[in-house]
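Heads up: the structure comes next, in structure tokens.
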Amino acid sequence: AQKVTQAQTEISVVEKEDVTLDCVYETRDTTYYLFWYKQPPSGELVFLIRRNSFDEQNEISGRYSWNFQKSTSSFNFTITASQVVDSAVYFCALSSGSARQLTFGSGTQLTVLP
Amino acid sequence: EAGVTQFPSHSVIEKGQTVTLRCDPISGHDNLYWYRRVMGKEIKFLLHFVKESKQDESGMPNNRFLAERTGGTYSTLKVQPAELEDSGVYFCASSRGQGWTKSYEQYFGPGTRLTVT
């Protein structure tokens, strides 16, 4: 069975602070993919990143960075120097084995205050 | 390229009525998925089309839900008859076909908010 846990339901930070969103996953498959999506107030789910299970290299994209650690089954997401526009719900998701469907975590509501 | 579009954006119907949701995937995307998020719960998978064929419909809650993808282009999800517990946001997503390195990346539409009263 697959499971994604986002223990942080809500996080509130002040602009320019760094913030890390946690994601812990469970799967028995050795090949899997991890994702982060952003859901702004407008409602659509915006794809941010995909990571393969065989590639543990961390990734940085502008103010965003992702830390993938297989040893702890975690795929955490850090926003550096947060901005008000980063306010959204962020979802971590998993796709494993031959199934293409995504298993989502419950999401983390991030509020960045000016 | 245009993104995934969904229609309507919001639908309010009475219990027992029928509603049809439509999804237009990104042009050229063979894979089309339906998900839904009911109040306070996680986003849950409903089904997966590869072109016009149902690849996986293990997430469909019951036989009141019928999905089609005629011609392998747009898809419809019909709920008949609707029940109160069907209320939620229905998302559609699409991705490239197998063989593409990014075939696992699903791009989502804005969702249809369904309210059953």
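Note on naming: letters A, B, ... go to the chains in the order of the sequence lines (proteins, then strands), and numbering restarts at 1 for each one.
Looking at A/Ser95, only its side chain comes within 4.5 Å of chain B, counting heavy atoms on both sides. Heavy atoms of B/Ser95 lying under 4.5 Å from chain A are absent altogether.
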Apply side chain to side chain contact (heavy atoms under 4.5 Å, CB included) to the pair B/Phe108 and A/Gln39, showing each step before the final yes or no.
CA-CA 10 Å; B/Phe108 282 76; A/Gln39 186 182 38; over 6 Å; no
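Open room surrounds CD1 on A/Ile60; 12 or fewer heavy atoms of other groups in view lie less than 6.0 Å from it. Within a 6.0 Å radius of NZ in B/Lys41, no more than 12 heavy atoms belonging to other residues, nucleotides or ligands are found. For A/Tyr64, the OH atom sits in a packed shell: over 12 heavy atoms of surrounding residues, nucleotides or ligands are nearer than 6.0 Å. Residue A/Lys38 places its NZ atom among more than 12 non-hydrogen atoms of other residues, nucleotides or ligands, all under 6.0 Å distant. With a 6.0 Å radius and a threshold of 12 heavy atoms from other residues, nucleotides or ligands, A/Lys16 has its NZ atom at or below the threshold. Under a cut-off of 6.0 angstrom, the local environment of OH in B/Tyr74 is sparse, with at most 12 non-hydrogen atoms contributed by other residues, nucleotides or ligands.
Heavy atoms only, all atoms of each residue included: B/Pro110 and A/Glu44 are closest at CA-CB, 3.7 Å. Taking all atoms of both residues into account, the shortest heavy-atom contact from B/Tyr35 to A/Leu102 is OH-N, 3.0 Å. Here the shortest heavy-atom pairing between B/Glu105 and A/Phe35 reads CA-CE2, 4.2 Å.
Of all the listed residues (B/Gln106, B/Arg113, B/His48, B/Glu42), the one sharing the greatest number of non-hydrogen pairs under 4.5 Å with chain A is B/Gln106.
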